[in-house]
Visitor: 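Dropping the structure in here first, questions after.
Chain letters run A, B, ... following the sequence lines, proteins first and then strands; every chain starts at 1.
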2 protein chains.
Amino acid sequence: MLRMTKQADYGIVLMTHLAARAGRQFSAPELAAETRIPLPMVSKILKLLVREDLLVSHRGVKGGYALARAPRQITVADLISALDGPIAFTECIEDTPGSCSQEGICGVRDNWQRINQAVRHALEGITLADLTQPLASPLVQLGSGRGAELRA
Amino acid sequence: MLRMTKQADYGIVLMTHLAARAGRQFSAPELAAETRIPLPMVSKILKLLVREDLLVSHRGVKGGYALARAPRQITVADLISALDGPIAFTECIEDTPGSCSQEGICGVRDNWQRINQAVRHALEGITLADLTQPLASPLVQLGSGRGAELRA
DNA sequence: CCAAAACAGGACGGTATTGGTCCTGTTTTG
DNA sequence: CAAAACAGGACCAATACCGTCCTGTTTTGG
Ligand code: FES
Ligand code: FES
């Protein structure tokens, strides 16, 4: 089906929520209530995002989470990498040779890179700031944005 | 980890192999031998690709498979859709309302589309023809025009 | 100084999806 | 009519994911 994990999905919802109300600080229970995402999940996800330096946390009774950078400087690619691990869309991207049995005879090796780049590039082209804007011209910042250049 | 399934991975290898030697017809055992992919898998995948009209098959003793269209008209997106199902990168793309619990309060709804489009677009931008070319300047054939702005 | 609220960091099991094999047809060649 | 190859599924084993829970540690404020 080719989809990202629910963790990343949730993560984007949470971060968007946070970005739309930037400045303030939100606790996990608070975010869970507002997004209707089960609290344990919210908690788990936020913790991961802190470790990846996309959020900063404040402990204690009046604790909570806030964005670590400006919305414009957090991309969807960042979020997905943080929550689902590196964007290794195809199998043979590891730079370590020998990891793939094909290697010697494989005619696509280099092309995997190409595909990975394309996807990564597309995801890097979308920031949290973009996601908070209600998308004025419907779906058409694509051609002008990243990703199109891949094609020529 | 965000990767496509092995089926799609294999599929791309197989199709690239086929595209590089277009015109001819290859049997499943033949392809299995040349790509070192287990025969049952090869068979399974090729059958799927036939159903999706990306390959044409010929039965009988001297049977085999050949591309259904020109390499330039088969995109990586086609292959992935055929083998892994529709590219529904995020959860809430179904146009049928009610499929998501968030719906009412969700501020990202429209943005899922944006993300999906970006990924799909990127994958539609790569054709089999591209994959058969050994990619001259390493990963930098981005702006069709030779070595202009890349720099850095 | 202590209790409550919130973050930190893992461990854990149930479930869905995938990867891979195999079996039983049907079509074609010679 | 036998062999080679495609067609179409059924079928498990392993894996990854989703979601929960438990045991700390830090901060607030009475
Ligand atoms: S498939 Fe692994 S190197 Fe090509
Ligand atoms: S998350 Fe489903 S509609 Fe927004």
Visitor: Under 4.0 Å from OP1 or OP2 of D:dA7: is there any side-chain N or O of B:S57 that close?
Guide: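 For D:dA7, OP1 or OP2 has a side-chain N or O of B:S57 closer than 4.0 Å.
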
Visitor: Anything under 3.5 Å between a protein N or O and an N or O of nucleotides 3-6 of chain C, put it in a table, one pair a line.
Guide:
{"from": "C:dA6", "atom 1": "O4'", "to": "A:G60", "atom 2": "O", "distance (Å)": "3.3"}

Visitor: For A:R114 versus B:D130, what's the shortest heavy-atom pair and its separation?
Guide: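 The answer is NH2-O, 3.4 Å.
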
Visitor: Out of D:dC18, D:dA7, C:dC22, which has the shortest distance to the side chain of B:V50?
Guide: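 Closest of the options to the side chain of B:V50: D:dA7.
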
Visitor: Give a yes or no answer on whether the side chain of A:N116 reaches the backbone of A:W112 with a donor-acceptor pair at less than 3.5 Å.
Guide: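 Flag set: sc A:N116 to bb A:W112 pair under 3.5 Å.
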
Visitor: Partner of C:dT27 by Watson-Crick or G-U wobble geometry, both contacts under 3.5 Å, or none?
Guide: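 C:dT27 is paired with D:dA4.
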
Visitor: Check whether more than 12 heavy atoms from other residues, nucleotides or ligands sit under 6.0 Å from atom CZ of A:R21, and answer yes or no.
Guide: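 Yes.
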
Visitor: Mind listing the closest non-hydrogen atom pair of B:E34 and B:H17 along with its distance?
Guide: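 Heavy atoms only, the tightest pair is OE1-NE2, 2.5 Å.
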
Visitor: Can you give me the N/O atom pairs linking the protein to nucleotides 12-16 of chain C at distances under 3.5 Å, or say none if there are none?
Guide:
none

Visitor: Report yes or no: does B:D53 contribute a side-chain atom to a donor-acceptor pair with the main-chain N or O of B:A68 at less than 3.5 Å?
Guide: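 Side chain of B:D53 to backbone of B:A68, a donor-acceptor pair under 3.5 Å: no, none is there.
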
Visitor: Are A:Y10 and D:dC18 close enough that a side-chain N or O sits under 4.0 Å from OP1 or OP2?
Guide: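 Answer is no, no contact under 4.0 Å.
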
Visitor: Round to the nearest Å and state the distance from A:R3 atom CZ to C:dT17 atom P.
Guide: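 My rounded result for the distance is 9 Å.
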
Visitor: Expressed as a whole number of angstroms, how long is the span from B:K6:NZ to C:dT18:P?
Guide: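 These atoms are roughly 14 Å apart.
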
Visitor: Do B:K47 side-chain and D:dG8 base share a donor-acceptor contact under 3.5 Å?
Guide: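 Such a pair is found, so the answer is yes.
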
Visitor: Locate the shortest heavy-atom distance separating B:A19 from B:L128; write the atom from each residue and the value.
Guide: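 Result for this residue pair: CB-CD1, 4.0 Å.
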
Visitor: A:L14 CG to C:dC7 P: how many Å, rounded?
Guide: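 That distance rounds to 12 Å.
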
Visitor: Need the pair for C:dC12. Rule: Watson-Crick or G-U wobble, both distances under 3.5 Å, any strand; none if unpaired.
Guide: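 Its partner is D:dG19.
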
Visitor: Test side chain to side chain donor-acceptor pair (under 3.5 Å) on A:D78 and A:S81 and set out the steps.
Guide: CA-CA 5 Å; A:D78 291 330; A:S81 309; 5.7 Å; no

Visitor: Specify the separation, in whole Å, of atom CE of B:M4 and atom C1' of D:dA16.
Guide: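 Between C1' of D:dA16 and CE of B:M4: 18 Å.
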
Visitor: Decide yes or no for B:K47 and B:L55: does some side-chain heavy atom of the first lie under 4.5 Å from some side-chain heavy atom of the second?
Guide: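 Contact flag for B:K47/B:L55 side chains = no.
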
Visitor: Nearest to the A:P38 side chain among D:dT20, C:dT21, C:dA8, which nucleotide is it?
Guide: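 From the listed options, D:dT20 comes nearest.
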
Visitor: Rounded to whole Å, please give me the gap between CG in B:L39 and C1' in C:dG20.
Guide: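 After rounding, the gap between these two atoms is 12 Å.
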
Visitor: Side chain of A:R51 only, heavy atoms from C-beta on: which candidate in C:dG9, D:dG9, C:dT21 is closest?
Guide: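 Of the candidates, C:dG9 comes closest.
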
Visitor: Would you check if the side chain of A:S43 reaches a backbone N or O of A:L39 as a donor-acceptor pair within less than 3.5 Å?
Guide: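 A pair under 3.5 Å: no.
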
Visitor: Rounded to whole angstrom units, what separation is found between the CG atom of B:L48 and the P atom of D:dG8?
Guide: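 In whole Å, D:dG8 P lies 10 Å from B:L48 CG.
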
Visitor: Just how far, in rounded Å, is P of D:dC17 from CD1 of A:I37?
Guide: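 Roughly 18 Å, once rounded to whole Å.
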
Visitor: Going by side chain to side chain contact (heavy atoms under 4.5 Å, CB included), A:L48 matches just one of A:L79, A:D84, A:L83. Which one?
Guide: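 Only one option passes, and that is A:L83.
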
Visitor: Take the protein atom CD1 of B:I45 and the nucleotide atom P of D:dA7, then report the distance between them rounded to whole Å.
Guide: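 One finds 14 Å between P of D:dA7 and CD1 of B:I45, rounded.
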
